[in-house]
Structure formats: C-alpha cells, structure tokens
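Below: the structure, in structure tokens.
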2 protein chains.
Amino acid sequence: MNHRIYCKAMDASSMLSFSPKCWLRCVLFVCFGLIAVSGMGQQALGMRPRVKSPVLNADGTVTFNFFDPTAQQVSVTGDFGEVRGQTLSMTKQENGVWSATTKVLNPELYSYSFSVDGQRVIDPSNSYVNRDISTLSNIFIVTKEKGDKGHLYQVNDVPHGTLSRVWYDSPTLGQQRRMTVYLPAAYDGKKRFPVMYLLHGHGGDETAWGDLGRASQIMDNLIAEGKCVPMIVVMPNGNPTCNAAPGWWHEGMYTPDGNAFNQRGAKATMEESFMDIVNFVDARYKTVRKRSARAVTGLSMGGGHTFGISYLYPEVFDYYGLQSAAARVKRNDAQFDAQMARLFNSKPKLYWIGIGKEDFLMQMNNDLRSYLDSHNYPYEYYENDGGHIWRNWRIYLAIFAQRIFKD
Amino acid sequence: MNHRIYCKAMDASSMLSFSPKCWLRCVLFVCFGLIAVSGMGQQALGMRPRVKSPVLNADGTVTFNFFDPTAQQVSVTGDFGEVRGQTLSMTKQENGVWSATTKVLNPELYSYSFSVDGQRVIDPSNSYVNRDISTLSNIFIVTKEKGDKGHLYQVNDVPHGTLSRVWYDSPTLGQQRRMTVYLPAAYDGKKRFPVMYLLHGHGGDETAWGDLGRASQIMDNLIAEGKCVPMIVVMPNGNPTCNAAPGWWHEGMYTPDGNAFNQRGAKATMEESFMDIVNFVDARYKTVRKRSARAVTGLSMGGGHTFGISYLYPEVFDYYGLQSAAARVKRNDAQFDAQMARLFNSKPKLYWIGIGKEDFLMQMNNDLRSYLDSHNYPYEYYENDGGHIWRNWRIYLAIFAQRIFKD
C-alpha cells in the first residue's frame with residue numbers, strides 16, 4: 001500500500017490548506033516510513049529480527065525459524081516425520097531467517113535440533129530442552145483437545161503433585177544415592193498412598209522419567225481426570241556405579257557417555273540393592289505398606305530390572321510392567337525356573353509386557369513370552385507401532401498407571 | 001618423529017633377517033600409519049573428532065573447543081575475564097576444531113557461550129546449562145581447594161538435602177503456585193528446623209536460586225562444614241501473575257521475556273501475599289514456628305520484596321538480607337515512617353544490606369542507608385566488587401546463611 005497517494009505533495013505554502021483527514025494520513029505516512037526505514041536499518045546493521053520458533057500454526061502444522069544471514073545450509077531434524085529422524089531443509093528469507101514447516105502434526109511431544117552448515121545447533125528461540133545422556137534437544141508439544149497425547153503431556157490447570165530430588169542411604173551399595181519422588185497433589189502427610197516404582201533405561205538416570213518421560217505431567221493429568229488412582233511415584237537411579245545424575249554427585253560435571261553407566265566395580269546390581277529403595281520409601285513417606293499397593297515398571301534396562309525384581313521379590317509387588325524390556329530368560333537354569341514358578345504361584349495381579357513392532361528387543365521379548373506361554377504363566381501383552389523410543393514409553397506409562405491399584 | 005628412520009627398507013628378501021627390535025619398530029610404524037590414515041579419512045569424510053570442552057587445564061587455565069571446519073569466525077564470550085562479557089577469539093586447528101584458552105582462572109562458577117559466524121551457539125560438548133529468562137548458557141566450575149568458591153558451589157561428597165518443587169495454595173492471589181523447597185539432609189520429619197525464605201529477582205522464578213544461585217550446593221556444603229545451621233530454604237515464585245516457572249504452569253511453553261513478569265492484573269503484590277507462603281510452609285513442614293527461626297532475603301526485585309516484608313510483618317522475621325535490593329524509601333510518608341519505626345522497635349537480630357560497587361542500584365541503596373542512618377536504625381553493610389550479577393548473589397547467600405539462627 002502506497003501511503004503517498006492519499007496526500008497531496010507537501011510544500012510550505014499548501015500546508016495550512018490540508019484537511020484534518022489528510023493530516024492524519026500524513027502522520028500515518030511518516031510513521032509507516034519511519035518503521036520501514038528503521039526496519040531496513042536493522043537489517044543493514046545486521047541486527048537480529050525477533051524470531052519465534054517453533055510456531056504452532058492454526059492449521060496444525062509447525063514452523064521452525066532460525067536467524068543466520070551468513071549460513072549456507074540450514075535444516076531441522078526431529079521426530080515429526082514418518083521416519084525417526086526426519087530432516088527438513090530450511091529456506092532463507094530476505095531478513096536472514098531460515099524457515100521450514102512440517103506437515104499437519106498429530107498430538108504428541110516432539111523433539112528436534114537444527115543443522116547449520118553441518119553443525120548440530122539447538123534452537124536459540126526455544127529454551128525448552130531435554131537432555132538424553134549428554135545431548136540437548138529442543139521440545140514442543142502439539143495438542144488439539146482434552147484427552148489427546150499432547151494434552152496428557154502438557155501442564156494443565158489441574159492440581160499438581162510435588163516433584164522432589166531425594167537422597168537415601170543404600171547399605172547394599174554402600175552409597176548415598178539420589179531418587180526422584182512424585183507425591184500426588186492429595187499427599188498431605190496424613191493419608192497413605194500406594195507406590196509405583198518407575199525405572200529408567202541404559203544411559204538414563206533419576207531425572208529421565210521426569211524430563212523425557214513427562215511423568216509428573218502424565219500423573220497429574222491422569223489423576224485429575226480420575227483415570228488413575230492417586231499414587232506416589234518413585235524414580236530411582238538405576239546405575240549402581242553412579243550415585244546420581246551427571247553433575248549432581250561428587251564426580252563433577254563430567255560428560256556422560258556409555259562408560260558412565262557400566263556396572264564394573266559396583267558392590268551389587270540394581271536388582272540386588274532394590275529393597276534398600278523400598279525400605280527407604282516406606283520409612284520416609286506415607287505409603288500403604290503391602291503388596292497390593294506396590295507396582296514396579298521400567299523401560300529397556302529398567303524393564304530388565306523389573307523382570308529381575310519380579311522373580312527376586314515376588315511377595316513385595318503385585319503389579320509388574322515390562323516396557324521394551326531387556327529381559328533375558330535363563331535357559332536350562334533350575335534356580336531361575338523355580339524363581340519364576342514362585343513368582344507366578346504368588347498370583348501377581350498384573351504382569352504386563354509392552355513393546356513396539358520395530359523395537360530391536362522384540363526377539364528377546366518373544367523369547368520371554370514363549371517361556372511364559374510354555375509354563376502357562378498369565379500375562380498381558382501390548383504391542384504398538386514404533387521402536388525403542390520415549391514416545392512409546394510415555395504411552396506405556398500412561399497405560400500401566402491406569403491399570404494398577406484399582407482392585 | 002619419523003618412525004621410518006628406525007627400520008630398514010622392507011623387501012621380501014630381507015624380511016627374515018630383521019631383528020626382534022626392528023620387528024617391533026615396524027609394527028609400531030604400521031600402527032601409527034594406520035592411525036594417521038584413519039584420522040585423515042575421518043576428516044576427508046567430514047567425520048566429527050571427539051571434542052572435549054571446556055577442558056580445565058592443570059595450570060589453572062581453561063580451554064574451550066568447538067568443531068566446525070566450515071566456520072569463518074568463532075569466539076567464546078563469558079564471565080571469565082576482567083570485563084563482564086569478555087570475548088576470546090578462537091583459532092581453527094587443522095582438524096576443524098576451534099580453540100581458545102583463558103588466563104589462569106580463580107575458583108568460581110563461570111558461564112559462557114560461543115559465537116559462530118555471528119550466531120550465539122551453546123557448547124555442544126557441555127550439557128551443563130543454566131537458563132536466565134529465555135537464554136541458555138553453559139557453565140563450568142573452577143576449584144583449587146576445599147573452602148574456595150568453586151568448592152562451595154560444586155557437589156561434594158557430603159550429605160545432601162532434598163530439593164522439591166512444591167505447589168501451594170495462595171488464597172490472597174487466588175492461585176495454586178509453585179515454590180522450591182530445600183530440606184537439609186538431617187530433615188527426618190521429626191526434628192524441627194528454622195526457615196530461610198530466599199527470593200529471586202525480576203526475570204527469575206522459583207528455579208533461579210537453585211540453578212543460577214547453586215543454593216542447594218551452597219547449603220549442603222556450608223552445613224556439612226558446620227559453618228551454617230541446618231535449615232529449610234524456601235524459594236517461592238515472586239511473580240504474582242505467574243503461577244510457576246515458564247513451562248511449568250498452564251500458560252504452556254511460552255518464551256519468557258520482560259512482559260511475562262509484570263504485575264498487571266495481579267490480585268495482590270508479592271509482599272501482600274507473602275504470609276500465604278509462610279502459613280503453608282509452617283503447616284506442611286517441621287518448622288520452628290517462631291520469629292527467631294525465620295529469615296528472609298532476596299536479590300534485586302526480591303531484595304525489594306524483602307524490604308517490604310520487613311516493614312509489613314516485623315513480628316514474623318528476625319533476620320533480613322537485602323541483596324542488590326530494589327528497595328525504595330518512601331519520602332514524606334508518615335505511614336511508611338511508622339512501619340519502619342515499628343520494625344526497628346521490634347529489634348530484629350539482623351538487618352543486612354549487601355551490594356557491589358558497580359551495581360546500578362547503588363544510589364537506591366545509598367538512599368536507603370541514609371534513611372536508616374538518619375533514624376539511627378542499626379544495620380550491617382557489606383560492599384564488594386562487581387555489579388548486579390549472580391556471582392555476587394551467590395556470595396551474599398553464603399554470607400547471610402552463615403549469619404542467621406546462631407544466637
């Protein structure tokens with residue numbers, strides 16, 4: 001729109017003959033001109049435009065934006081596509097902002113990062129990040145309506161539980177160790193609650209289920225909707241050689257890698273030391289101290305821990321959830337067979353196995369199910385799409401949490 | 001070193017006449033050659049070398065490393081120099097890694113980020129970051145010996161307290177709101193402890209003192225060394241229009257800026273609603289419920305809150321700490337004068353004011369001190385170098401925490 005057409009040419013002699021309407025137009029013209037000039041000035045001076053990213057568009061797509069006028073190639077990689085790590089090329093606009101827009105996205109928590117001339121960069125316009133081992137990625141949530149996955153993972157206007165980083169003594173491991181504890185909003189120090197023990201995988205720690213798994217949001221929302229019994233959720237650190245998450249124990253701010261999580265030199269395994277955790281939780285919190293008020297579930301390595309715990313302490317828990325579990329059946333092992341028989345003779349209320357069709361541990365889980373089938377041990381099996389990913393573990397947590405402590 | 005000079009030229013006929021020592025040299029030569037070739041291969045294929053950053057060198061300097069073979073200009077900006085945001089140019093090595101080394105650094109917690117061809121980038125080799133409003137920066141800690149600042153801010157092998165994100169009801173603000181609560185390691189649900197209320201500044205929230213302020217590490221370490229009485233530390237959210245930190249309430253994952261923290265539309269101010277916090281803490285936790293077991297301190301805006309709280313509720317607290325406080329004296333205001341007189345007539349055990357020489361609020365603090373002096377109100381004054389920065393607030397917390405609940 002050219003504002004000059006609204007106003008006669010300005011010269012000193014004609015100034016006083018302007019109508020009020022024309023004055024207004026002149027003022028508008030000058031203002032628009034100043035804005036345009038200052039905008040050009042910013043660009044000329046290399047000033048940074050305000051960048052919002054990601055933008056959740058009204059049509060259900062999501063646009064990523066990244067300002068870098070000198071970059072040659074920028075792309076965004078994330079879990080928003082058909083394939084696990086889909087990459088979208090970003091296109092540079094005149095103001096130096098690179099952009100790309102996804103297809104319409106289903107309700108979900110998504111993660112992504114940028115690649116700028118080959119270097120992985122997190123989005124400087126998005127301060128919401130998750131750490132997985134030593135890598136930070138940005139996250140965002142898409143939701144359409146109450147009850148969808150995005151709604152389940154986001155913070156809604158519902159009563160919120162308490163999330164605590166708690167240190168406890170493990171006599172078996174000879175350490176002070178850290179766990180995360182979720183107390184439901186109704187926890188008041190008087191009423192007693194059942195406890196779900198929720199275990200992370202290899203590379204994880206006591207922060208994993210809260211951050212990557214959105215455990216406190218899922219529990220808050222399921223409890224608020226009455227889909228789930230109010231319960232305490234205990235998320236311990238499952239690495240016997242690490243007292244706590246990286247940076248939170250006296251090893252300092254090391255860069256975690258696979259080696260940080262090996263068990264060499266540990267005084268005991270996670271499974272062997274597990275009753276230290278249960279004993280601490282029962283002593284510190286208002287728990288219902290009986291089998292029917294205890295559940296244990298975990299993903300991958302934590303699914304393996306759950307498996308071991310199930311046959312080591314069959315009298316302690318009534319609900320078991322094996323999520324994409326690294327759960328290896330011991331063949332031709334009379335002691336193992338006896339332990340499993342004792343477990344199933346104790347008639348646990350739920351033995352639940354969940355895994356994605358593309359999970360690399362599918363064969364191990366098939367072997368476990370064959371073993372259970374051949375012994376007529378009852379269990380529930382849930383299979384869905386996808387592989388060994390947090391997207392599935394959030395689903396499994398939500399399903400399992402709704403199945404426990406109700407009978 | 002050229003390994004070839006150690007070994008005779010190899011040909012099939014002379015092979016069997018090699019001495020064992022020469023065999024060894026040949027094997028070494030081949031191995032070194034393979035390493036060199038594989039190294040070149042990685043570069044040729046654009047493979048990423050393993051980068052460690054930052055590296056805390058034995059001589060007390062710190063080296064930053066960043067891999068980007070195609071970048072034109074890389075630098076690091078942080079608080080490791082004489083000036084607040086010192087920038088060091090980084091130099092590219094043959095393997096595509098850019099590096100810069102600081103001078104010898106004093107014990108301290110430092111923060112930094114990279115600039116890559118003009119774009120601010122956080123260090124992908126360092127997963128330890130702090131968020132300030134909406135900006136992430138990397139951190140690292142330098143320590144030389146027990147008792148220095150780095151040692152005070154790092155996690156040591158001492159008993160650790162519990163850090164909790166707790167929701168409480170504020171009837172005055174008509175909201176469910178979030179606070180961070182530190183319980184000392186000795187907290188067992190039986191023994192009662194005094195309480196320090198620790199308030200953040202403008203742009204902060206209930207996570208600020210824990211993350212940027214290292215409050216739990218400082219308290220763990222001071223208590224372990226017997227320098228500080230075991231106490232509960234309560235870090236509420238001081239923004240009356242925000243229920244919680246960004247991303248942790250139902251406003252969703254917005255990008256926080258200055259507008260997020262204004263008080264427009266709030267039902268009451270932080271100071272007016274403050275007794276909701278005290279009442280909740282006294283009801284929920286094993287506190288010593290008397291004036292001599294309550295302290296309140298805060299930085300900047302939180303110092304202003306502390307000031308207001310001091311003259312609104314003089315019977316509730318015995319220790320006050322104003323850190324770089326936005327504390328404005330009301331001139332020619334009889335009600336204010338009466339409130340201040342009542343405060344000092346109640347003889348608080350400590351009225352402490354701390355500020356850095358370069359703080360932009362120095363004049364406001366000078367005015368406050370003049371007012372106190374002119375009324376013969378006793379206070380303690382602590383002045384150090386530097387300005388309105390977290391480095392100072394960590395120092396003030398450590399000083400104040402050692403001064404309270406001891407008499």
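Throughout, a chain's letter reflects where its sequence line sits, starting with A, and its residues are numbered from 1. Below, each value reflects all heavy atoms present in this structure, side chains not excepted, and no hydrogens, waters or symmetry copies.
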Contact listing (chain A partner; residues 184-192 of chain B; heavy atom under 4.5 Å):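 B:Y187 fall under the 4.5 Å cut-off.
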
Residues from residues 142-154 of chain B approaching chain A under 4.5 Å (heavy atoms):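 Interface residues of residues 142-154 of chain B: none, nothing closer than 4.5 Å to chain A.
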
Which bit of [X] is near chain A, if near means a heavy-atom gap under 4.5 Å: side chain, backbone, both or neither?
X	answer
B:E251	neither
B:R165	both
B:V181	neither

Distance, nearest 0.5 Å, that separates OG1 of B:T255 from CZ of A:R50: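 Between B:T255 OG1 and A:R50 CZ, I get 10.0 Å after rounding to 0.5 Å.
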
Between CG on residue A:L163 and CH2 on residue B:W248, distance to nearest 0.5 Å: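 Output value for this atom pair is 6.0 Å.
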
Please give me the minimum heavy-atom distance between [X] and [Y], naming the atom from each residue.
X	Y	result
B:M253	A:F140	SD-CA, 4.2 Å
B:P256	A:S127	CD-OG, 4.3 Å
A:H250	B:N156	CB-C, 3.8 Å

Residue [X] versus chain B: region with a heavy atom under 4.5 Å:
X	result
A:L183	neither
A:S216	side chain
A:V158	neither
A:P159	neither

Min side-chain heavy-atom separation B:V116-A:D117 under 4.5 Å: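 The answer is no, as the side chains (C-beta and beyond) never meet within the 4.5 Å cut-off.
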
pair B:R284-A:T162: side-chain heavy atoms closer than 4.5 Å: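 In contact.
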
Partners passing salt bridge (Lys or Arg N to Asp or Glu O under 4.0 Å) against A:R178 (at least two apart in sequence or in another chain):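 A:R178: salt bridge (Lys or Arg N to Asp or Glu O under 4.0 Å) contacts with A:E206.
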
Residues from residues 68-75 of chain A approaching chain B under 4.5 Å (heavy atoms):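 Under the 4.5 Å heavy-atom cut-off, A:D68, A:P69, A:T70 qualify.
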
Leading residue by heavy atom contact count with chain A [cutoff under 4.5 Å; candidates B:S164, B:G161, B:A244, B:S125]: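 Looking at each option in turn, the highest pair count goes to B:S164.
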
B:Y128 side chain to A:Y254 backbone, donor-acceptor under 3.5 Å: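 Flag set: sc B:Y128 to bb A:Y254 pair under 3.5 Å.
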
